[in-house]
Asker: 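Next up is a structure, given as structure tokens.
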Amino acid sequence: MAQKPLLEVEGLKTYFYLDDNMIAKAVDGVDFGISPGETVAIVGESGSGKSITSLSIMQLIQKPGKIIEGTISLENNNLLQKSGKQMTQIRGNDISMIFQEPMTALNPVYTIGNQIIETLKKHKKLSKKEARQRTIELLEVVGFPRAEKIIDEYPHQLSGGMRQRAMIAMAISCDPKLLIADEPSTALDVTIQAQILDLLAEMKERLGMAILLITHDLGVVAEYADRVLVMYGGQIVEETSVEQLFENTKHPYTTGLLESLPNIDKEMDRLGAIKGTVPPAHNFPRGCRFSTRCPHVMDRCYESDPVLHEIEPNHKVRCFLYE
């Protein structure tokens, strides 16, 4: 029997109501699920709706943004029906998030230890002494060699990689069922990037949690994800396993992303590029949102928007080429 999804997102629409009656459809009808212990990656260029999808799940959308439609269910509980107080309990406890820039996510006026201790006191109801001891253990787990000293240091005293490790320690402190990692290694150099991603993979195995990995790096996807959602223009345009994505790419946008990667097995004069840019969310073209950049565009692409449909087992594509 198939495993029941831990998280199910159905028909999610998150719009931003701008001045001059403009509506930016940042996320526009997104459906997907994540099973316990699975790593699902969302990939796409900047502006494709990846981060807004993750912030919608956490219910951290700020005005003028608003979730206008859909359901987000964690273990069959619709998070969109929860009160602010209930969501505060769920965030950090059942779902945690690592942001791409730890310096903005960590409070600069409190020590690293203080910030993790407060999380443990709030969600795990530990005493201050117990929470401090647990924080030292967590800092050791994420690879700090002198955790009993680091616990009393401030964010600005740590390097970027160390701050990201502290963020991971805070995120896993309450044993979440789902960890959302939004570009967790983008601001770091390549060797530290690999360490952070290996650490996340290790934490996943150790704690049995599911991971939603937001990234624009297909190399990271190949290495760490089980399944991939390719986003463009606020929609999912392709969904499949990692193996299928690299061996049997279907959507022209995904093909363009793959062709823009360097390949050590092929001689190339120059890397491929997708012409044009992602259209702004308040001004998508009529019909298929990729029509203005697609090398295979047909007349009907300008008229109507294709639906995401299954073209073979566990492989969905939003494209008229496969209808």
Asker: With a 4.5 Å cut-off on side-chain heavy atoms, are S48 and V230 touching?
Answerer: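 When only atoms from C-beta onward are counted, S48 and V230 do not touch, as no gap falls below 4.5 Å.
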
Asker: Pair S173, R134 - check side chain to side chain contact (heavy atoms under 4.5 Å, CB included), show working.
Answerer: CA-CA 8 Å; S173 62; R134 176 74 182 128; over 6 Å; no

Asker: With rounding to the nearest 0.5 angstrom, report the NZ to CD1 distance, K82 to I72.
Answerer: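 Atom-to-atom, K82:NZ and I72:CD1 are 13.0 Å apart.
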
Asker: Does K129 NZ have over 12 foreign heavy atoms under 6.0 Å away?
Answerer: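 12 or below, so no.
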
Asker: Taking E137 for its side chain and V141 for its backbone only, find out whether a donor-acceptor pair lies under 3.5 Å.
Answerer: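 No.
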
Asker: Just wondering, do Y224 and L200 contact through their side chains at under 4.5 Å, heavy atoms?
Answerer: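 A side-chain contact under 4.5 Å is absent here.
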
Asker: In the structure I gave you, are the side-chain heavy atoms of E239 and H315 within less than 4.5 Å of one another anywhere?
Answerer: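 No, side chains not in contact.
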
Asker: Please report the C-alpha distance between D31 and I236 in whole Å, then the side-chain angles of each, then the deciding distance to 0.1 Å, and finally whether the side chain to side chain contact (heavy atoms under 4.5 Å, CB included) criterion is met.
Answerer: CA-CA 8 Å; D31 304 272; I236 292 170; 5.8 Å; no

Asker: Quick check: do V237 and M231 have side-chain heavy atoms less than 4.5 Å from each other?
Answerer: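 A side-chain contact is absent here, since even the closest heavy-atom pair is not under 4.5 Å.
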
Asker: Taking only residues two or more places apart in sequence, or in another chain, which ones meet D305 in a salt bridge (Lys or Arg N to Asp or Glu O under 4.0 Å)?
Answerer: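 D305 satisfies salt bridge (Lys or Arg N to Asp or Glu O under 4.0 Å) with no residue once adjacent residues are dropped.
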
Asker: At what distance, to the nearest 0.5 angstrom, does OH of Y253 lie from SG of C319?
Answerer: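 So the gap between those two atoms works out to 14.0 Å.
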
Asker: Examine F320 and L308 and state if one hydrophobic cluster contains both, with Ile, Leu, Val, Met, Phe, Trp and Tyr joined whenever side-chain heavy atoms are less than 4.5 Å apart.
Answerer: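 No, because F320 and L308 fall into different hydrophobic clusters, even though each may have its own neighbours under 4.5 Å.
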
Asker: Work out which heavy atom in I172 is nearest to a heavy atom in P176; give both atom names and the distance.
Answerer: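 Smallest interatomic distance, heavy atoms only, reads CA-CD, 3.8 Å.
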
Asker: Compare all side-chain heavy atoms of S73 with those of L79 and state whether any distance is below 4.5 angstrom.
Answerer: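 Side-chain contact under 4.5 Å: no.
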
Asker: Is the shortest side-chain heavy-atom distance between C174 and S96 below 4.5 Å?
Answerer: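 No, every pair of side-chain atoms sits at 4.5 Å or beyond.
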
Asker: Within the structure provided, determine whether Y154 and P108 are in side-chain contact (heavy-atom separation under 4.5 Å).
Answerer: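 No, every pair of side-chain atoms sits at 4.5 Å or beyond.
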
Asker: With clusters defined by side-chain heavy atoms of hydrophobic residues (ILVMFWY) lying less than 4.5 Å apart, directly or transitively, does V297 cluster with L257?
Answerer: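 The answer is no; the residues belong to distinct hydrophobic clusters.
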
Asker: Between side-chain atoms of residues 5-18 and protein atoms elsewhere (two or more places apart, or another chain), which donor-acceptor pairs fall under 3.5 Å?
Answerer:
unit_1 : atom_1 : unit_2 : atom_2 : d
E10    : OE1    : T71    : OG1    : 3.4
T14    : OG1    : S56    : OG     : 2.8
Y15    : OH     : D28    : OD1    : 2.5

Asker: Restricting to non-hydrogen atoms, name the atom on E148 and the atom on D152 that form the minimum distance, rounded to 0.1 Å.
Answerer: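 Between these two residues, the closest heavy atoms are O-OD2, 4.0 Å.
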
Asker: Any idea which heavy atoms bring H309 and Y322 closest together, and the distance?
Answerer: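 Looks like NE2-O, 3.3 Å.
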
Asker: Sequence neighbours left out, what pairs pass side-chain hydrogen bond (donor to acceptor under 3.5 Å, both in side chains) with at least one residue falling in residues 162-171?
Answerer: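 Sorted result for residues 162-171: R165-Q195.
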
Asker: With sequence neighbours excluded, tell me which residues meet salt bridge (Lys or Arg N to Asp or Glu O under 4.0 Å) with K25.
Answerer: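 Counting only residues at least two positions away or on another chain, K25 forms no salt bridge (Lys or Arg N to Asp or Glu O under 4.0 Å).
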
Asker: Just by distance, with hydrogens left out, do E130 and S127 show a side-chain donor and acceptor under 3.5 Å apart?
Answerer: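 A pair is found: one side chain offers a donor N or O, the other an acceptor, under 3.5 Å apart.
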
Asker: Please report the closest heavy-atom contact between T277 and Y232, naming both atoms and the distance.
Answerer: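 Of all heavy-atom pairs spanning T277 and Y232, the closest is O-OH, 4.1 Å.
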
Asker: Could you walk me through whether K177 and E75 pass the salt bridge (Lys or Arg N to Asp or Glu O under 4.0 Å) check?
Answerer: CA-CA 10 Å; K177 294 164 185 162; E75 294 182 319; 2.9 Å; yes

Asker: Side-chain donor-acceptor pairs under 3.5 Å in residues 207-218, sequence neighbours left out?
Answerer:
unit_1 : atom_1 : unit_2 : atom_2 : d
T215   : OG1    : D217   : N      : 2.9
H216   : ND1    : E183   : OE1    : 3.2
H216   : ND1    : E183   : OE2    : 3.0
D217   : OD1    : G219   : N      : 2.8
D217   : OD1    : V220   : N      : 3.3

Asker: What distance do Q193 atom CD and L197 atom CG have between them, rounded to the nearest 0.5 Å?
Answerer: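 These two atoms lie 6.5 Å from each other.
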
Asker: What heavy-atom pair brings A166 and F144 nearest, and what distance separates the two atoms?
Answerer: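 Closest approach of A166 to F144: N-CE1, 3.9 Å.
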
Asker: Within the 4.5 Å heavy-atom criterion, are H123 and E118 side-chain neighbours or not?
Answerer: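 Of all side-chain heavy-atom pairs linking E118 with H123, none is under 4.5 Å.
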
Asker: To the nearest 0.5 Å, what is the distance between OG (S51) and CG (L60)?
Answerer: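 Going from the OG atom of S51 to the CG atom of L60 covers 12.0 Å.
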
Asker: Could you report the tightest heavy-atom contact between E238 and K250, atom names first, then the distance?
Answerer: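 In this case the closest contact between E238 and K250 is OE2-N, 3.1 Å.
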
Asker: Side-chain heavy atoms nearer than 4.5 Å, only ILVMFWY residues, links allowed to pass through others: does that put I52 and L80 together?
Answerer: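 Yes, same cluster.
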
Asker: List the residues meeting side chain to side chain contact (heavy atoms under 4.5 Å, CB included) with T135, not counting sequence neighbours, and say none if there are none.
Answerer: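 Expected list: I116, I117, L120, L139, I151.
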
Asker: Kindly give the cluster partners of V109, where membership spreads through any ILVMFWY side chain lying under 4.5 Å from a current member.
Answerer: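 Members other than V109 - counting any ILVMFWY side chain reachable under 4.5 Å - are Y110.
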
Asker: My understanding is that only residues two or more places apart in sequence, or in another chain, count here; which of them pass salt bridge (Lys or Arg N to Asp or Glu O under 4.0 Å) with E243?
Answerer: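 In terms of salt bridge (Lys or Arg N to Asp or Glu O under 4.0 Å), with neighbours along the sequence ignored, E243 is linked to no residue.
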
Asker: Do we see a donor-acceptor contact under 3.5 Å between the side chains of Q244 and E312?
Answerer: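 Note: Q244 and E312 side chains meet the donor-acceptor criterion.
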
Asker: Let's go through T111 and E153 carefully: what are the C-alpha distance in whole Å and the side-chain angles of both, what is the deciding distance for side chain to side chain contact (heavy atoms under 4.5 Å, CB included) to 0.1 Å, and is it a yes or a no?
Answerer: CA-CA 5 Å; T111 63; E153 294 192 348; over 6 Å; no

Asker: Under 3.5 Å, side chain of T119 to main-chain N/O of Q115, donor-acceptor pair present?
Answerer: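 A pair under 3.5 Å: yes.
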
Asker: According to salt bridge (Lys or Arg N to Asp or Glu O under 4.0 Å), does anything in residues 290-299 pair up with another residue at least two apart or in another chain? List the pairs.
Answerer: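 Non-adjacent pairs meeting salt bridge (Lys or Arg N to Asp or Glu O under 4.0 Å): E45-R293.
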
Asker: Quick one: CG on L258 to CG on L245, what's the gap to the nearest 0.5 Å?
Answerer: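 Rounded to the nearest 0.5 Å, the CG-CG separation comes out at 5.5 Å.
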
Asker: When rounded to the nearest 0.5 angstrom, what is the spacing between NE2 in H251 and CD1 in I311?
Answerer: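 One gets 10.5 Å once the value is rounded to the nearest 0.5 Å.
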
Asker: Same cluster or not: are I180 and M203 linked, directly or through other Ile, Leu, Val, Met, Phe, Trp or Tyr residues, by side-chain heavy atoms under 4.5 angstrom apart?
Answerer: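 Hydrophobic grouping puts I180 with M203.
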
Asker: Using a strict 4.0 Å threshold on nitrogen-to-oxygen distance, state whether E202 and R206 make a salt bridge.
Answerer: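 Salt bridge: yes.
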
Asker: Output every pair passing salt bridge (Lys or Arg N to Asp or Glu O under 4.0 Å) with a member in residues 313-323, not counting sequence neighbours, ordered by first then second residue.
Answerer: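 Counting only pairs at least two positions apart or across chains, the salt bridge (Lys or Arg N to Asp or Glu O under 4.0 Å) contacts touching residues 313-323 are R300-E323.
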
Asker: Identify all side-chain donor-acceptor contacts of residues 36-44 below 3.5 Å with residues at least two apart in sequence or on another chain.
Answerer:
unit_1 : atom_1 : unit_2 : atom_2 : d
E38    : OE1    : S35    : N      : 3.0
E38    : OE1    : R227   : NH2    : 3.2
E38    : OE2    : R227   : NE     : 2.8
T39    : OG1    : K204   : NZ     : 2.9

Asker: Can you confirm whether K66 is buried at NZ, in the sense that more than 12 heavy atoms of other residues, nucleotides or ligands lie under 6.0 Å from that atom?
Answerer: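 No.
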
Asker: Treating T88 as the side-chain partner and G84 as the backbone partner, does any N or O pair qualify as donor plus acceptor under 3.5 Å?
Answerer: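 Indeed, once roles are kept as given, a pair shorter than 3.5 Å links the two residues.
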
Asker: How would you list, by chain and number, every residue that makes a salt bridge (Lys or Arg N to Asp or Glu O under 4.0 Å) with D175, sequence neighbours excluded?
Answerer: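 D175: no salt bridge (Lys or Arg N to Asp or Glu O under 4.0 Å) contacts found.
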
Asker: I68 and I61: same hydrophobic cluster, using ILVMFWY side-chain contacts below 4.5 Å?
Answerer: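 No, separate clusters.
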
